[in-house]
Amino acid sequence: MWQPELAHADGPIYERIAAALERDIRAGVLGSGTRLPTLKELAALLHVTPGTVNRAYELAQRRGLVQGEVGRGTYVRAEGLPDVAPSAPAAPASATLPESLNEWVDLTIVKPNLQLQEPYVRAALQDLSQSPILSEMLDYTPDGGHPLHRQAGAVWMQGAGLAARPEQVLLTAGAQHGLWVAVNALTRAGDLVLSESLCYPGVASVVHSLGRRLQGVAMDHEGMDPDSLRALCQRERPAMVICIATCQNPTTRVMSAARRARIAEIAREFDFILVDDDLYGFLAPQPMQPLASYAPERTLYLTSLSKSVFSTVRLGYLHCPPAWLAGLAASVRTSVWMVSPLAAQLATNLINSGKALELSNAQRAEAQVRQQMARELLGEFEYSALPTAFHIWLKLPPYWNSGDQFAAIARGHQLLVAGGDAFSMNRDGEGRQYVRIALMASSREQMRFVLTKLAGLLNMPDTRWL
Ligand SMILES: Cc1ncc(COP(=O)(O)O)c(C=O)c1O
């Protein structure tokens, strides 16, 4: 009888059984057509319930690994394995208790769904191991990255609507690194850097740690407000303005084309450098020209694969006017010497084969399902979102004192959400009454369970006494 090896894996047991099944099929331990143990047999062997084994078999079936025949058992699929996972299953109708009841669920990180990524990364790693240029990828690269990798970065940016040229592309170890490189190379200690008043805290950590001054610009329903930006520039010239024009983090706002043009106009008038952090550009409801394309001569366009493809490979790209390239490349060298060519080759394969785009589309589609789920379960609360955003920005009812207070209560229930105060760039409490909730964690089933639990907590301010 098949005995899955579960000892060295993390995660819920049913996922580990399904993963062991995939491993053994790929390794040829289980040939096509092999009959798997019955639910009862495997449950007894592993000391779990037959329901757990059933979930594992269902998951394997959805991944195209096995097929079940009523009354006859479960068999390894005869037609061979799919290259990538088929689209994820439909959400169950009600919130059932996930296997991982005793696990913490972390909704503080806006990230893509990991289950969708795995088969793509597995296949790309296999390709990489067979690649004729693998040995080249073991060597040091020229400044800015290997030409093939810069070329792939340009292709990726062109897909986002930027007229990118490979010779103006540099590789970074993700967008956070890109922000550091930009601020380090293009501004000086003491300079004023502006961002939206509610913004991704990584911006503040870069600006403050490099000894620059940060100020948040007031926002409206489209993100950074141009009149407030202009008024600030009249008081003091900023060296750099960092904007998240699409699916702004945390507010999910999107700048219209007119707004982008207006921000670019102000950049020219006051002669500052624009940074277009377009990590979430692929989540726009309709394709939009990136902010950078309105003032390419003074904008550093920043993106990474962390949200659309994979986060842990840590790969980002920046595009800038030619005059800035040497300084930016020197900052990459100072900070990490070079971005891993192995990681970059992995990304290049995925981009050039079209798989990266396919995966980012799958992530977008998954986000749409999660947003529908949030509407269904949290619809009574006030929050901003996009139909395809990976998170929501929720305003707490007035009986809550703050997002941090709610986050502490949720933590007591093993749920981690981000209190909104950390997003207040002016440290004025603008985000205090909010929480940011990421939606792409683990399975739909778990997400449904967690959102149901959050809705319950949100409606019970007295839970703090329980
Ligand atoms: C707006 C924004 N910029 C940059 C980053 C950093 O991304 P990366 O993981 O590519 O470093 C994030 C991460 O959440 C982000 O939200």
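In listed order, ligands and their atoms are each counted from 1.
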Exercise. Under 3.5 Å, is there a donor-acceptor pair linking the side chains of Gln115 and Glu15?
Worked result: yes
Problem set entry | Close approach of Lys111 to ligand 1, heavy atoms, under 4.0 angstrom | no
For this session: Could you tell me whether the side chains of Gln168 and Tyr301 share a donor-acceptor contact shorter than 3.5 Å?
Result: no
Exercise. Between His177 and ligand 1, does any nitrogen or oxygen pair lie at a separation below 3.5 Å?
Worked result: no
Exercise. Which ligand 1 atoms does Ser306 reach within 4.0 Å, using its non-hydrogen atoms?
Worked result: 8 (P), 9 (O), 10 (O)
Exercise. Have Gln248 and Thr251 got a donor and an acceptor in their side chains that come within less than 3.5 Å?
Worked result: yes
Exercise. Going by the order shown, which atoms of ligand 1 are within less than 4.0 Å of some heavy atom of Gly174?
Worked result: 10 (O), 11 (O)
Exercise. Just checking, is any N or O donor in the side chain of Asn349 or Gln345 under 3.5 Å from an acceptor N or O on the other one?
Worked result: yes
Exercise. Heavy-atom count around Arg375 CZ within 6.0 Å, excluding the residue itself: above 12?
Worked result: yes
Exercise. Side chains of Gln234 and Arg230: closer than 4.5 Å at any heavy-atom pair?
Worked result: yes
Problem set entry | Element-labelled atoms of ligand 1 that are located less than 4.0 Å from some non-hydrogen atom of Ile244 | 1 (C)
Problem set entry | atom 6 (C) of ligand 1: nearest protein contact (heavy atom, Å) | Tyr200 OH, 3.3 Å
Problem set entry | Donor-acceptor pair, side chain of Arg260 and main chain of Gln289, under 3.5 angstrom | yes
Problem set entry | Nearest-contact summary for atom 15 (C) of ligand 1 - protein heavy atom, Å | Leu279 CD2, 3.3 Å
Exercise. How does Ala175 reach ligand 1, if at all, at less than 4.0 Å between non-hydrogen atoms: by side chain, backbone, both, or neither?
Worked result: both
Exercise. What do you reckon, does Arg314 put a non-hydrogen atom under 4.0 Å from ligand 1?
Worked result: yes
Exercise. Tell me, do Gln176 and Tyr200 make a side-chain contact under 4.5 Å, heavy atoms counted?
Worked result: yes
For this session: Considering the heavy atoms of Ser304, write down every atom of ligand 1 situated less than 4.0 Å from one of them.
Result: 10 (O)
Problem set entry | Any side-chain donor near an acceptor of the partner, Arg150 and Thr141, under 3.5 Å | no
Seminar exercise, completed: Nearest non-hydrogen protein atom to atom 14 (O) of ligand 1, with distance, is Lys307 NZ, 2.8 Å
Problem set entry | Closest to atom 3 (N) of ligand 1 among Leu315, Asp277, Asn249 (heavy-atom distance) | Asp277
Exercise. Which of the atoms in ligand 1, numbered in the order shown and given with their element, are less than 4.0 Å from a heavy-atom of Gln176?
Worked result: 6 (C), 7 (O), 8 (P), 11 (O)
